[in-house]
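Encoded as structure tokens, the structure appears first; notes follow it.
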Amino acid sequence: PGPWPGSVSATRWWGGRFEMNTRPLPRQQLRGWLQAGFFVLFVVAPPLDIFRFDLTLGHFIVLGMPWTLGLDAFINGEIGAVTATLNIIVRGFLPLLLVGGTLIWVAWKYGRLYCGWLCPHFSVVEKVNALLQRASGKPSIWESTPLPERQPDGRLIKPDSRYWIVTILAAAGFAFLWALSLLTYLLPPFEIYHNLLTASLTSNQLRFLGIGGGLLFIDFMFARHLFCRFGCAVGLFQSLAWMANPRALVVGFDGKRAQACKACNSACDNVCPMRLKPRSIKRRMFTCTECAQCISACEQVQAGNPDGGLLHWVAGDGALPVVAGNRQALAACLKPETSAE
């Protein structure tokens, strides 16, 4: 027989023994591919002239074409004031309004989807979290106690101090790649890559890579969650827009079946990359990135439960109890044992 109904991490009978199917849920597979694709786009956009601002030219380059406000033509007397004003509106304000308005509208309706499903910084946050948990048993050095070794999908991961080297090297590598990519958004990419490969970077380029890479390394190793919560303007405005809509998409908890939480050992709390408690009310989930890892973990833990997981996305009127705070449902949630296996 195949996997049990509704199970992605369920056991199956194979060769006279039960084996655990630890493949990620389709939702998380899709999210992983989107994150990887957007990270690649973030790195290759400047070399391919998809989008960058060239300081040497003094204007943006979009899809291989120069994107200017046309002010030089106005200064040179080639166009009039009306045409210059229209250029500023069409080439300046409208693109900003379109991009910013779309981002805020999506956040107002669905929360920080960009952060959880696309953001190249958040994808690094998750990777470093996973490596740090392999090294120390904790996804953050600020965590007070190690997380349970038994994962929601059934795997047993024991801390291994050798992963500290891998974690540090990964954080340093991502920091350097980020700093290098940011530099190519400002200066001609092929010049930067040529200078890097021939060890002929200018002093300013070296200074940018050194200081920028160092700050990013500190961020990735020590302050990545704090940056996502309080330091990222894009994330902050998304959270504010999301909180302004009481009917926006949010993680809901089925408090009527809270008894099923007794043996899960807070799997949903443990997997949250932002270190939040998903069974809480909305205002305590201000920085939720809608990554749905808590939902996936609950589905994996409750794989044998015919009613499925207790966490799920809700919107519209279904989101109102999460906003108002259904105290009875939250109080009914039994506090799981916190001892690690």
Side-chain angles (χ1 to χ4, degrees), residues 1-14 17-32 110-111 116-117 126 129-130 133 137 139 145-157 249-282 284-285 288-316 318-322 325-341:
W4 294 343
S7 171
V8 175
S9 63
T11 55
R12 68 171 70 197
W13 186 254
W14 185 262
R17 65 184 186 279
F18 283 109
E19 290 186 347
M20 185 68 67
N21 178 5
T22 58
R23 291 178 300 171
L25 290 168
R27 182 194 303 115
Q28 295 303 325
Q29 285 183 321
L30 173 62
R31 195 173 71 89
Y110 302 108
W117 290 70
E126 292 189 83
N129 279 2
Q133 187 169 352
T145 57
L147 299 183
E149 296 175 356
R150 181 69 64 182
Q151 304 301 301
D153 60 12
R155 293 175 300 158
L156 185 65
I157 298 180
L249 186 73
V250 67
V251 176
F253 171 64
D254 187 356
K256 296 179 181 179
R257 298 194 293 123
Q259 185 75 18
C261 286
K262 185 175 182 180
C264 82
N265 212 358
S266 294
C268 57
D269 298 351
N270 297 337
V271 300
C272 178
M274 294 294 283
R275 314 313 304 138
L276 304 176
K277 297 185 181 300
R279 289 169 289 182
S280 185
I281 56 180
K282 184 176 179 178
R284 295 180 182 175
M285 296 287 290
C288 174
T289 61
E290 304 292 356
C291 69
Q293 289 204 51
C294 57
I295 298 176
S296 298
C298 186
E299 291 175 352
Q300 289 174 322
V301 172
Q302 302 294 333
N305 190 329
D307 295 324
L310 286 80
L311 292 178
H312 48 275
W313 272 325
V314 293
L320 296 179
V322 185
N326 190 334
R327 297 184 181 277
Q328 293 181 346
L330 294 172
C333 179
L334 299 176
K335 185 178 182 181
E337 298 178 1
T338 56
S339 58
E341 295 186 24

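This is a predicted model, so every value here is computed, not measured.
Residues meeting the side chain to side chain donor-acceptor pair (under 3.5 Å) test with E126, sequence neighbours left out: R31, Q35, Q293.
Distance alone, capped at 3.5 Å, places no donor-acceptor pair between the E149 side chain and the L147 backbone. Judged by distance alone, the side chain of Q28 and the main-chain N or O of S296 form no donor-acceptor pair under 3.5 Å. In terms of modelled atom types and a separation under 3.5 Å, the side chain of W117 and the main chain of L30 share no donor-acceptor contact.
Here NZ of K277 is found 12.5 Å from SG of C294. Values are rounded to the nearest 0.5 Å. Note that the CZ atom of R279 and the SG atom of C298 stand 8.5 Å from one another [nearest 0.5 Å]. Atoms CD and SG, on Q300 and C268 in that order, are 12.5 Å from each other to the nearest 0.5 Å. Atom NZ in K256 sits 12.5 Å away from atom CG in L310 (nearest 0.5 Å). To the nearest 0.5 angstrom, E299 atom CD is 11.5 Å from N305 atom CG.
Between A297 and V271, the shortest heavy-atom distance links the atoms CB-CG2, 3.7 Å. When all heavy atoms of C291 and P273 are compared, the closest pair comes out as SG-CD, 3.7 Å. Residues A292 and R27 approach most closely at CB-CD, 3.5 Å, considering heavy atoms. Here the closest non-hydrogen pair linking R275 and N270 is NH1-O, 3.1 Å.
Side-chain contact between R150 and N265: absent, with no pair of heavy atoms (C-beta onward) separated by less than 4.5 Å. Residues M285 and P278 have side chains in contact (heavy-atom distance under 4.5 Å, counting atoms from C-beta outward). Residues W313 and V250 fail the side-chain proximity criterion, which asks for heavy atoms closer than 4.5 Å. The shortest distance between side-chain heavy atoms of V322 and F253 does not fall below 4.5 Å.
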